[in-house]
Amino acid sequence: MESATVTSLTAATSATTVNTTATATVTAAFTTDADKAASSSFDDNEVEYGAFRVDVCGHQYSIPSDQQDAAQLDAWLLALTQAFEEDAQHTSAAVAAHIAQTIEALLTQQQQQPRAEQQRRRRQSMRRRRSTAASGDTQRLAAAAAALARMGDGGAADDCIDDLDAALALVTHGVRTAAPHGPARAFRVARREDLGDGIAEFAVAEPSGEPAAVVLGIAAPQSDFARPFSSGLAEFLVAAMNRHARRALAVRHAWALLLAPGHARLCLVESDAIHFTRALALDAADARAHLGAMLGGLTRSDAWRLGGDPSMRWRDDIDRWEIECPDDSDSDDDADADDKEGERRAPRVVFAQRQPLFTADAFFGRFTRCFAVALTPGGACDAVLKDSWQLAPDDGSASDEIAVLRRMRRRLDAARSTCLYPRIECGGTVRVAAAGGREDASDLVLGGAAAYARWTVPHGGGDGSGLRRVHRRMVTGPVGVPLQTLASEHEVVAVLADAMHAHAETLRVGGVLHRDVSLNNVMAVRTPAGGLRGMLIDYDHAVDPASARNTLRPGNVGTGPFMSIANLEGLDAARTAVDDWEALVSLLFCLAARSHTALDRMGARFAHVTPHAGAAKRELFASRRALDAAVAEHLDEAACPAIVRLIRALYAAIFEHPKCHGTARMKLRSGRMVDPVLRRTQYAADIQARCLAAIDAVAADVRSLGHLTDGLAAIDAGGSSPRARASPTPSQSPCRQPSTATTLSDPPSLYALYNVPVAARKRKAKEETPQDSPSTKRRKMIHQQPHLATPGTPGTPVNDADAIAFSEPLFVTPREPPPPPAHVSSKLKRKLF
């Protein structure tokens, strides 16, 4: 290698953010006429043939039009592979130079030997290797050099993995020779999997290294390698990264290799995009030097440069994760007067279970994960740690979930509120100690390549410019379980009623509008006494309803299938509590779906955030007849009668308001168009009161039906009181945190919502039906259980200090029947009285 190459490499790795001059120097050092001639098979006019970026959002990906300069991006990626510490920068340059010189020397030596002499030397080396262990390293280096030479001869795609394994041994030897006292990872091919059509997936890792310090890889034919986006190789990389993130939990990003016969390119996979270097034709000396420099840099990089998370460590002695949670504070977030604005405290250490409670389907995007954690190594896991990569402006002006929860806690505690909400313990931005305590954000991962417009934008609109990903963590309590795990329809309705009362309380006292009521954001919390509470989580989209963020073009806010009509259509009106109540109706549709097929049909209509989905919801809620038709088509009213009744009650409260009836736009005589969806913002408080009354009435009736069934079961069993319920043991309770409010009663399992076929439920209900007629059962119930005769009497348990009003009681106190009319026949008298 020339000395200019070493100098350019040193300049390129002098800092994380590479300036334009240094990157131009590195690119010029590795781009020569010979390299361009060797790469003449690639069309320079095509974006995919140089260094480029593929934007990824969930499971979708595309090539953006605003590509960065290919040469500059290639130099940035090369610099990111080098060591971060200043004292190792010169060593990294020396390693790259040594690897290049070793490769060229070995290749030149092999090319100068006649074929017969080469075969003779190979036979001698085989005998010598069996007899002398000291010559093994030399033979492996020779084999590695030959492997690099073969990669330029057009072999099979799968053979490239074997050649890479040999080349990695050469790189490791070069690194340890150039820097014998520095760190060096002995990278080898750890696993491989044949994906068909000449494509194979593999991983490069240190045999005893960290699971997150892995280089992913795809080997493919040259025709697919030349255009990784058009051929679908980017999709293989997306799938490989998703699997890697689920397998190695302590992962922030990853590097990947694309191999083809005679060619290679390196990729950086991060939260929003995949960044590809230019294709390297390995029959050119400079291309081999470029690849050697990148691989040599990766072998010397710290784990966090390879994608590992140093703030998250597995401890075998306690069989738990040890996770550092930052504890940043703001001037108005804590009640302590001695807290100063922007003060950064030492991170708190929590201990998490092996498997997370929740993991996002895809690595790309926020990549939210939730862990059940304990505050001590051997303590009970009674809190939740949420880890996510959030989009935020570069100036840090956005208010995130941590600030919202701190404000809620301060205001609700001051008002002595008893509603259940995620109570934050600590939270903030994760910092990397090995990088000088810098924030773990996209500019630390990507360096100069981080300045690009994101494909995904925060809820509320925008063009994605001026945004970056920030690694955030917080610890909250208590721990809840999803609605799908509840055993009865009674529990579901009771939990939803309590959660929506908390929604109204946080809006009235805490000044926070949730804006994302969905199936995964409503949790059931079982208290130590055995009662059930409802809790809303995920306040990522929550805002002050009067803030400009909510009133000035709020955009599309929420989760697709559950969004309100105003959200789906992006109407220019402030979001109110009515939008969250409308989302609750969509949630109830999912819970009472007739089958998975019906659920998929509803999801296909409402999952995508488009005006077409908004028009479909307008049609669904246009009239009572349209609602009944949708219920008959998609829902199982026989299995979930209370949920369907709640749907109808909430529909009447929202869409049959006298001032804003239905969903159809109307044209007045003056020619002005009136949209009832927009008019509901004027009557949001009245509609919310109507919705609370509706859900209270249904919850009361379902609970009364549960008490009646308890009494009937006791009568059938020959007892004189409802069967006693055993309180769950502490080990069975999902949350051990006591609640200050009176809890809902624990109902019997009447209606199984999941995992039980409809026919089986009907057959079981028919078998358990008593032989007595309804009138006989009612008389027995009233005579033997007088305290159940009138809901609301001292013998009837209620929740939250009579918060639920019994508007339609099933029973009344028995009175003396009036005398029958004289004109009624004796037969009819016996039937009626």
Side-chain angles (χ1 to χ4, degrees), residues 333 335 399 401-425 476-480 483 492-518 521-527 531-547 550 558 574-585 587 646 650 653-654 683-700 703 735 737-744 798-805:
D333 283 342
S399 176
E401 183 180 14
I402 297 175
V404 168
L405 291 179
R406 281 180 172 149
R407 185 166 64 250
M408 279 177 51
R409 175 178 176 177
R410 186 179 66 254
R411 294 179 179 178
L412 292 175
D413 287 351
R416 299 183 182 275
S417 174
T418 59
C419 70
L420 195 62
Y421 66 97
R423 188 177 180 86
I424 187 169
E425 300 295 337
T476 61
V479 181
L483 292 177
V492 172
V493 174
V495 166
L496 290 176
D498 195 48
M500 295 312 292
H501 272 283
H503 175 275
E505 185 77 0
T506 56
L507 178 60
R508 182 180 63 87
V509 179
V512 173
L513 180 63
H514 190 276
R515 303 203 305 175
D516 191 14
V517 175
S518 59
N521 289 347
V522 182
M523 293 285 118
V525 178
R526 193 173 295 275
T527 62
L532 275 176
R533 299 296 305 273
M535 180 176 65
L536 284 172
I537 63 171
D538 196 358
Y539 282 77
D540 278 331
H541 306 146
V543 293
D544 184 343
S547 65
N550 186 56
R575 301 296 177 254
T576 63
V578 178
D579 295 279
D580 287 347
W581 282 100
E582 187 178 333
L584 179 63
V585 177
L587 186 155
L646 181 57
L650 291 178
I654 300 172
Y683 307 98
D686 186 25
I687 294 176
Q688 178 175 251
R690 289 160 57 96
C691 291
L692 288 172
I695 198 171
D696 287 347
V698 176
R703 188 182 55 198
C735 172
Q737 179 170 334
S739 174
T740 58
T742 307
T743 59
L744 295 170
V798 295
N799 79 307
D800 289 349
D802 296 327
I804 295 182

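Taking every heavy atom of both residues into account, Arg533 and Thr418 meet most closely at NH2-O, 3.4 Å. Across all non-hydrogen atoms, the minimal contact from Ala499 to Leu536 is O-CD1, 4.0 Å. For Leu646 against Ala694, the heavy-atom pair with the smallest separation is CD1-O, 4.4 Å. The two residues Ala574 and Asp579 make their nearest non-hydrogen contact at O-OD2, 4.5 Å. Between Leu420 and Gly534 the shortest heavy-atom distance is CB-O, 3.8 Å. Residue Val512 comes nearest to Arg407 through the heavy atom pair CG2-NH2, 4.5 Å, listed as atom of the first residue, atom of the second, then distance.
Taking CD1 of Ile402 as the reference point, atom CD1 of Ile424 lies at 5.5 Å (rounded to 0.5 Å). Taking CG of Leu650 as the reference point, atom CD1 of Ile687 lies at 12.0 Å (rounded to 0.5 Å). Distance check, rounded to the nearest 0.5 Å: OG1 of Thr476 to CE of Met535 gives 7.0 Å. Between atom CG of residue Leu405 and atom OG1 of residue Thr506 there is a gap of 10.5 Å, rounded to the nearest 0.5 Å. A distance of 9.5 Å separates CG in Leu584 from NE2 in His503, rounded to the nearest 0.5 Å. Atoms CD1 and CZ, from Ile695 and Arg690 in turn, are 15.0 Å apart once rounded to the nearest 0.5 Å.
In this pair, His514 and Tyr539 present their aromatic rings perpendicular. The plane angle is above 60°, beyond the 30 to 60° band.
Looking at heavy atoms from C-beta onward, Arg423 lies in side-chain contact with Asp413 at the 4.5 angstrom threshold. Residues Trp581 and Met500 are in side-chain contact: their nearest non-hydrogen atoms beyond the backbone lie under 4.5 Å apart. At least one side-chain heavy atom of Ile654 sits under 4.5 Å from a side-chain heavy atom of Cys691. When side chains are defined from C-beta on, Cys419 does not count as touching His501, because their heavy atoms never get closer than 4.5 Å. Residues Leu483 and Leu496 have side chains in contact (heavy-atom distance under 4.5 Å, counting atoms from C-beta outward).
Proximity of a side-chain donor or acceptor of Thr527 to a complementary backbone N or O of Gly531 within less than 3.5 Å is detected. With hydrogens and angles disregarded, no donor-acceptor distance shorter than 3.5 Å links the side chain of Arg515 to the backbone of Val543.
Exactly one of Leu507, Asp516, Leu513 qualifies for a side-chain contact (heavy atoms from CB on, under 4.5 Å) with Asp580. That residue is Leu513.
Every residue two or more places apart in sequence or in another chain that forms a side chain to side chain contact (heavy atoms under 4.5 Å, CB included) with Ala504 is listed here: Gln688, Leu692.
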